[in-house]
There are 2 protein chains.
Amino acid sequence: MMTEKRLATFLRREGYKITPQRRAILKAVAGAHDHLTPAALYERVQQAQPHIGLVTIYRTIQILEALGLICEMHAERTSRSYLLKRASEHHHHIICSSCGTVADVTHCGLDSLQQQLAKETGFEIDGHLLEFFGYCRHCQRLKSE
Amino acid sequence: MMTEKRLATFLRREGYKITPQRRAILKAVAGAHDHLTPAALYERVQQAQPHIGLVTIYRTIQILEALGLICEMHAERTSRSYLLKRASEHHHHIICSSCGTVADVTHCGLDSLQQQLAKETGFEIDGHLLEFFGYCRHCQRLKSE
DNA sequence: ATATAAATGATAATTATTATCAATTATAAT
DNA sequence: ATTATAATTGATAATAATTATCATTTATAT
Ligand SMILES: [Mn+2]
Ligand SMILES: [Mn+2]
Ligand SMILES: [Zn+2]
Ligand SMILES: [Zn+2]
């Protein structure tokens, strides 16, 4: 499990300075159980760092993403969300097209396909994004009424 | 294969009017071999319909997407691209994180997982988005220099 | 030919994201 | 503890994508 401290250590090792702002962001990310948009993360971090700028959130997200510490979700049409990556587990989603409810998928079995595709295409593949779309139980009922 | 005419028939059947603008868009979509952003589609359609508005492009894309006639690609960070859906084939991508080169993937073997997840989660799943990320041959060389 | 609802396009409004840049600060070296 | 340095920050502006409004036009059924 990635705690704020471990994340900080990781960043420091990569040459990034550990500022109070970053510490607060790391804490928020480590403590979140759901996916957070940059704006949502901003709100949470503001409790600890009232004067932090939204830009700093974006910049830190970029770093965490580049280091592979968080994973991205394309849920709503416009914005993106992020969640701390769990070690060695895949993290994918089933998203309800009607209400936006999200279910997690931790096993996809795509590793072998990924390797095969790497061979076939010559790409060095380092990850994948997988999302299922559909309707949750609740919205299925509403539809059929 | 979906031609302009078949797409038009499909739309008409769904209650949409067939305007010259839509016809031009359908033609462009049917004739495209690559993925098109709304802006790129706009440019192409302007040859046949010089006075068409970009908004009309967006609106038509929305319809085609809702009817499942085109599929979406999340390639660059900001914008989306679309391509005509081929019957019964999956359409996924390997995208080079460095130069943006795209390779197609038409088989993913996710149907069984999709069914299993539908059972487990209660979702009625009607599709998925799968994208691989990595580096194409060319960019691998550049990296190692 | 006419009625009607749908579609269009000009335009403005929203949003998300990125760029600039002067002021601040974490960190390492002294 | 001071100091030097480059990284970081945040205020602000700039970009860019997408969506909303609304008066006008038009496809289609009658
Ligand atoms: Mn999740
Ligand atoms: Mn493709
Ligand atoms: Zn996976
Ligand atoms: Zn598939």
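Chain letters run A, B, ... following the sequence lines, proteins first, then strands; residues in each count from 1. What you see is a predicted model; the values in this text were computed from it and never measured.
In this entry the distance linking CZ of B:R23 with C1' of C:dT8 reads 16 Å, nearest Å. The interatomic distance linking A:I61 (CD1) with D:dT9 (P) rounds to 13 Å, in whole Å. Atom C1' of nucleotide C:dA19 and atom CG of A:L54 are separated by 14 Å, given to the nearest angstrom. Regarding B:Q62, its CD atom lies at a distance of 11 Å from the P atom of D:dT18, rounded to whole Å. The distance between atom CD of A:E14 and atom C1' of C:dA26, rounded to the nearest whole Å, is 18 Å. Distance, A:R13 CZ to C:dA26 P: 21 Å, rounded to whole Å. Atom OH in A:Y42 sits roughly 14 Å away from atom C1' in C:dT17 (whole-Å rounding). One interatomic measurement links the two molecules: OH of B:Y58 to C1' of C:dT8, which rounds to 17 Å at whole-angstrom precision.
Contact annotation: B:R22 side-chain N/O to C:dT8 OP1/OP2 distance is under 4.0 Å. In this structure, B:T56 does not reach the C:dA7 phosphate: none of its side-chain N or O atoms is under 4.0 Å from OP1 or OP2.
Side-chain atoms of B:Q140 come within 3.5 Å of backbone atoms of B:Y135 as a donor-acceptor pair (strictly under, hydrogens ignored). Here the side chain of A:R22 pairs no donor or acceptor atom with the backbone of A:T60 at under 3.5 angstrom.
For A:Y16, whose side chain is taken as the heavy atoms from C-beta onward, the closest listed nucleotide among C:dT17, D:dT8, D:dT28 is D:dT8. In the set D:dG10, C:dT17, D:dT26, D:dT26 carries the atom at the smallest distance from any side-chain atom of B:K17.
Residues A:Y58 and A:Q62 bring no donor and acceptor atom of their side chains to less than 3.5 Å of each other. Inspection of the A:H93 and A:H35 side chains reveals an N or O donor paired with an N or O acceptor under 3.5 Å.
Residues B:I18 and B:A39 each lie close to DNA chain D; by heavy-atom proximity, the contact nearer the 5' end of the strand is made by B:A39. Residues B:Q21 and B:V55 both approach DNA chain C. Their nearest nucleotides, taken by heavy-atom distance, put B:Q21 toward the 5′ side.
Applying the 6.0 Å contact sphere to CD of A:E14 captures more than 12 heavy atoms from other residues, nucleotides or ligands.
Base engagement by A:R59 is indicated by at least one non-hydrogen atom pair under 4.0 Å involving a base atom.
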